[in-house]
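For reference, the structure discussed in these notes is given below.
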Amino acid sequence: MSQLISSYEQAISKPAIKEKIGRDGAIQRFFIAVIGLYLLITLAFPLYTVFSKAFDTFYYDLSQFSIQVSNESGDFVEEPINLQELNKQLAIKTIDDLKTKSDGRLSLLDFFPDYSFKSPIKYRLQGLTDDTTFLYGSDRNKGKVSVEVDSNSFRRILIRPVQERGFGNFTKFFSTPALSNSIYNSLTIAIISMVITVSLAFWFAYALKRSCMKFKGFFKLVAMLPILVPSLLPGIALVYIFGNQGFLKDLLMGESIYGPIGIVMGSVFFTFPHAMIIISAALSISDARLYEAADSLRASKWRKFWTVTIPGAKYGIISACIVVFNLVITDFGLPKVIGGNFNVLAVDIYKQVIGQQNFQMGAVVSVVLLLPAILAFMIDRYVQKTHVAGLSARSVVFEPKPSKVADAAWLAYSSFVAFFIVSILAVCQFAALVTYWPYNLSFTLANYDFSKTDGGGWGSFINSIELAILTAVIGTVVIFLGAYMVEKTKNFTKGRALFQMLAMLPMAIPGMVLGLSYIFFFNHPDNPLNFIYGTMIILVISTVTHFYTVTHLTAVTALKQMDNEYESVCSSLKRPFTKLLGRVTIPVCMPEILNLSIYLFVNAMTTVSAVVFIYSTDTELASIAVLNMDDAGDIASASAMGMMIFYANVAARTLHAVASRSILKRSRAWRTQS
Amino acid sequence: MNDFLKIKDLWKLFGNFVALREISLDVKEGEFVCFLGPSGCGKTTLLRAIAGLDIQTRGSVSQAGKDISNLPPAERDFGIVFQSYALFPNLTIGENISFGLENQGVDKNTIKERVAELLDLVGLPEQISKYPAQLSGGQQQRIALARAIASSPGLLLLDEPLSALDAKVRVFLRHEMKKLQRKLGVTTIMVTHDQEEALSLADRIVVMNQGVIEQVGTPTEVYNKPVSLFVADFIGEMNQITSKMNDDGTVQLFGQAFDCIEHEVKAGSDVIATIRPEDIFVVEKDTTIEQSLVVKVKEMEFLGSYWRCSLAIDSGVDGNELTADFSINAVRRCHIVAGGNLRIELPKNRLQVFSAA
Ligand SMILES: Nc1ncnc2c1ncn2[C@@H]1O[C@H](COP(=O)(O)OP(=O)(O)OP(=O)(O)O)[C@@H](O)[C@H]1O
Ligand SMILES: [Mg+2]
């Protein structure tokens with residue numbers, strides 16, 4: 001034994017063998033480096049700027065100035081006095097008075113109570129440090145500069161604040177109820193929407209998976225429709241239905257749709273498919289043997305439900321809760337349209353940045369919004385990690401048994417949900433086609449003449465299509481290659497680990513925060529990538545990054561199903577891995593690749609939050625047009641545009657279905673589908 | 001024949017876990033070597049190190065006189081077959097086999113001929129345009145083999161190539177593989193945890209246990225002269241009797257002193273004495289030849305070509321039992337019946353002792 005230990009020590013004292021990097025190794029490293037760099041530049045660095053901005057505070061540093069005042073005849077007899085000294089003597093400005101925003105300007109007149117613009121007194125202002133800045137008219141003076149002005153011109157001198165780092169912005173946020181109440185509001189609507197959506201989706205999925213009701217295909221299709229429209233659209237429909245002129249206004253019994261009620265109703269609409277997909281997947285993983293065992297124990301239906309069904313679907317339900325919570329709390333479009341005076345965090349970011357140009361406070365709200373989103377994300381990761389798939393190879397798939405009464409009840413329930421979904425879309429489409437809802441219901445196409453309203457006209461629709469196609473193509477290539485590198489290469493362990501971490505990050509980052517970070521990062525004059533600001537490129541990058549995680553995980557799952565030894569065989573046959581990728585990996589994964597691209601396409605068409613801060617007049621988008629038209633009161637045109645997005649997505653999905661089917665058909669010979 | 005593959009002082013660590021420890025091994029040109037050992041002993045790890053798929057932490061590997069210790073797989077010269085076969089599912093059998101031939105500047109017709117030749121070689125000439133999923137497991141295995149030898153590599157590596165198949169196909173393909181290997185003369189290393197496979201196929205067997213090589217030898221060597229209790233136990237059936245060494249070098253068994261194969265165990269120490277069931281002989285009951293004792297037949301199990309008997313030792317030493325295999329002839333000749341008594345011999349050159357510590 002002692003001999004073994006010493007030989008072990010001897011062996012580990014020698015340096016480990018370093019593998020020679022062959023051609024494949026070099027190419028793979030290069031790819032990982034490029035895609036890792038892409039994620040650093042489009043995600044990590046911009047996010048850093050948000051945090052950094054949140055801690056930027058500004059105040060007027062009076063000690064950086066000295067001022068000399070002349071006598072009545074314009075001679076400077078008295079010694080110059082430091083401005084801070086002067087303030088202390090006269091007690092004019094408190095410390096709070098000196099706090100300001102990045103673009104604050106302070107006139108010096110307040111320090112001279114006897115000031116008159118007609119007096120013959122002259123003033124001489126001297127900067128005391130190299131960074132001291134002040135404005136004289138439109139001239140910007142920086143450094144140890146001095147200017148001498150007469151009384152009249154003294155009005156035109158404004159001093160600029162200096163930057164400091166600290167918690168000042170957070171203190172302000174939490175001590176301003178109008179701002180901090182949004183935390184409570186956001187959490188409230190997210191939790192209520194979560195409970196309602198997940199309950200509705202659970203029973204809907206249950207009906208699809210565990211009953212023999214008719215028209216399952218139709219219901220599945222209808223349940224997916226909300227994914228095809230921006231989250232603004234249900235808001236608009238709800239305004240039509242329950243708004244001030246709404247035909248069902250009375251149903252609200254005096255409550256206003258503008259506020260939490262509207263947000264929750266709309267959120268249920270747009271998050272429903274997400275919850276439904278996750279829960280149906282969980283419910284389809286069920287082992288009939290468990291039910292048979294329960295039957296043999298004469299368990300009641302109710303007991304079977306609680307002891308077999310719910311535990312089996314538990315992880316799906318938790319996951320659905322988290323997804324819905326996250327979607328609602330980070331959503332911007334819906335509360336913007338229907339939130340009224342009910343402030344939520346996502347809209348606050350917009351108001352601070354666009355309305356008040358207070359970027360620091362926008363960053364603070366972003367950081368606050370990140371916390372619940374990241375927390376939810378971490379719970380989800382934890383749950384996914386501890387959850388081992390419940391289905392073993394021996395499981396027997398559960399086959400529901402027909403039951404007249406139950407199936408009729410499920411049909412009624414599913415029809416109710418489907419009716420809700422279809423009504424929302426139908427109302428929008430109808431309103432878009434009438435002259436003036438609800439007073440003049442004659443048919444018109446005027447609402448489709450987008451040139452008469454804000455939002456960039458039909459051009460914005462074309463831009464959206466362009467963005468969606470570019471996002472689908474570029475995103476699929478980048479994401480699939482990235483997933484391939486993480487999943488199928490062995491070298492470069494640390495690089496791959498970092499990459500994997502970065503790839504998981506976007507899921508936790510709300511679109512608004514990502515967008516804001518792009519303003520800070522890419523619009524910075526010193527950034528060499530500044531040129532992409534205001535172009536289509538930045539919109540594509542933002543959208544790809546925003547939807548990176550889900551697509552990355554899909555690609556990884558697809559790749560995990562490929563034998564890991566393909567790469568080994570390929571290298572033993574001395575062929576480059578790129579050959580394998582092109583001839584085997586990509587063709588075999590083609591159905592999943594198409595799924596990735598349609599997912600990216602649809603999301604690029606509907607997203608608002610990821611692009612609202614960074615579109616320019618040249619790159620207005622359809623979803624943004626809906627927002628702006630609604631803002632301007634052109635709600636019928638907003639509906640029309642929203643429905644155009646819907647139809648574009650329907651067309652894309654149809655195309656996708658046709659392509660997928662033909663690929664599967666052609667590859668049926670070698671795909672072992674059992 | 002000289003050493004074709006030389007592995008020297010090779011270590012593989014996964015973090016702190018030592019998967020391979022001080023492995024040294026020479027393989028001669030044209031030899032068929034099997035790595036044999038229980039699950040998790042590091043067979044695959046060693047094979048992958050030889051292939052360069054998972055490079056060793058320390059130590060060197062050289063092939064055909066060239067140091068290949070740190071080369072990536074693509075710069076080595078080997079063909080490999082995995083347990084899963086890893087046939088490319090969307091390529092036809094022909095395309096699978098020619099995958100590795102296409103980069104060598106060979107023209108299409110030559111490739112076509114080569115593919116046809118290989119399919120003939122593995123006995124599947126008509127399957128060229130089918131897809132892997134349309135073939136049986138055994139056929140897939142042979143296609144994987146054809147793909148691995150397509151460009152005539154100097155070394156063929158096989159990681160449990162037969163373990164996914166059912167027993168009958170396995171035995172058939174075993175013979176086919178051996179024939180093929182003889183015909184091509186390609187140096188072959190096969191990983192297996194099936195001792196029968198190793199014994200019937202290999203020129204030499206490398207028995208591994210917990211990351212170290214226990215023994216290297218021909219099938220008969222490792223079977224007849226195991227160097228450790230592990231090897232003795234792992235390969236074939238073995239009776240194991242806990243006992244003590246006498247001062248004169250004999251071993252004390254069932255109250256009797258027995259001569260055994262030469263050993264280096266100290267007098268008076270605890271040992272495990274071993275003998276294979278088929279090495280126990282029946283002798284005339286009344287003779288009193290050396291190395292023999294009387295036992296009682298407890299149970300008899302008919303296994304086709306022989307009888308497996310449990311023998312209870314009639315010596316007052318508690319609970320001792322031996323398993324012996326007797327030929328049908330012997331059973332008939334000596335009237336062996338369950339419940340009867342019997343004199344057996346434990347021949348000196350078949351009785352081996354290992355230190356019990
Ligand atoms: N990538 C790895 N990381 C950590 N440990 C590993 C890794 N690969 C193998 N091991 C460990 O090294 C040991 C040897 O593994 P190896 O796969 O070589 O065993 P094996 O002899 O081929 O077994 P089997 O017959 O089950 O295939 C095992 O304990 C295994 O858990
Ligand atoms: Mg193995």
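All chains are named by letter (A, B, ...) in the order of the sequence lines, taking the proteins before the strands, and each is independently numbered beginning at 1. Heavy-atom basis, side chains included; hydrogens, waters and symmetry copies ignored.
- Only the side chain of B/Leu91 comes within less than 4.5 Å of a heavy atom in chain A; its backbone stays farther off.
- For the pair B/Leu158 and B/Phe82, the minimum side-chain heavy-atom distance is 4.5 Å or more.
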| said: Apply side chain to side chain contact (heavy atoms under 4.5 Å, CB included) to residues A/Phe31 and A/Leu481 and explain how you reach the verdict. | reply: CA-CA 8 Å; A/Phe31 267 120; A/Leu481 279 182; 3.8 Å; yes

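- Both the backbone and the side chain of A/Ser568 have a heavy atom closer than 4.5 Å to some heavy atom of chain B.
- Heavy-atom neighbours of B/Lys8 NZ from other residues, nucleotides or ligands within 6.0 Å: at or below the threshold of 12.
- For B/Arg48, the part sitting under 4.5 Å from any heavy atom of chain A is the side chain, from C-beta outward, and nothing else.
- B/Asp9 touches chain A through its side chain: at least one heavy atom from C-beta onward sits under 4.5 Å away, while N, CA, C and O do not.
- Neither the backbone nor the side chain of B/Leu157 comes within contact range of chain A; no heavy atom of the residue lies under 4.5 Å from a heavy atom of that chain.
- The greatest number of non-hydrogen atom pairs below 4.5 Å with chain B, out of A/Val584, A/Asp563, A/Thr585, is found for A/Val584.
- Considering only heavy-atom pairs separated by less than 4.5 Å from chain A, the leading option among B/Asn70, B/Thr92, B/Asn90, B/Thr57 is B/Asn90.
- B/Lys6 places no side-chain N or O within 3.5 Å of a backbone atom of B/Leu25 that could act as its donor or acceptor partner.
- Between A/Tyr599 and A/Phe547, the ring planes are perpendicular. Angles over 60° get that label, and only those under 30° would be called parallel.
- At a 4.5 Å heavy-atom cutoff, the contact between B/Phe99 and chain A is made by backbone and side-chain atoms alike.
- Ranked by heavy-atom pairs under 4.5 Å with chain B, the first of A/Lys18, A/Arg23, A/Arg583 is A/Arg583.
- Proximity to chain A is limited to the side chain of B/Glu75, based on heavy atoms less than 4.5 angstrom apart.
- The neighbour count for B/Gln210 CD, taken as heavy atoms of other residues, nucleotides or ligands under 6.0 Å away, does not exceed 12.
- Among B/Ala74, B/Ser84, B/Pro89, the residue with the largest count of heavy-atom pairs under 4.5 Å with chain A is B/Pro89.
- Other residues, nucleotides and ligands contribute at most 12 non-hydrogen atoms within 6.0 Å of the CZ atom of A/Phe30.
- Heavy atoms only, all atoms of each residue included: B/Pro161 and B/Tyr85 are closest at O-CE2, 3.5 Å.
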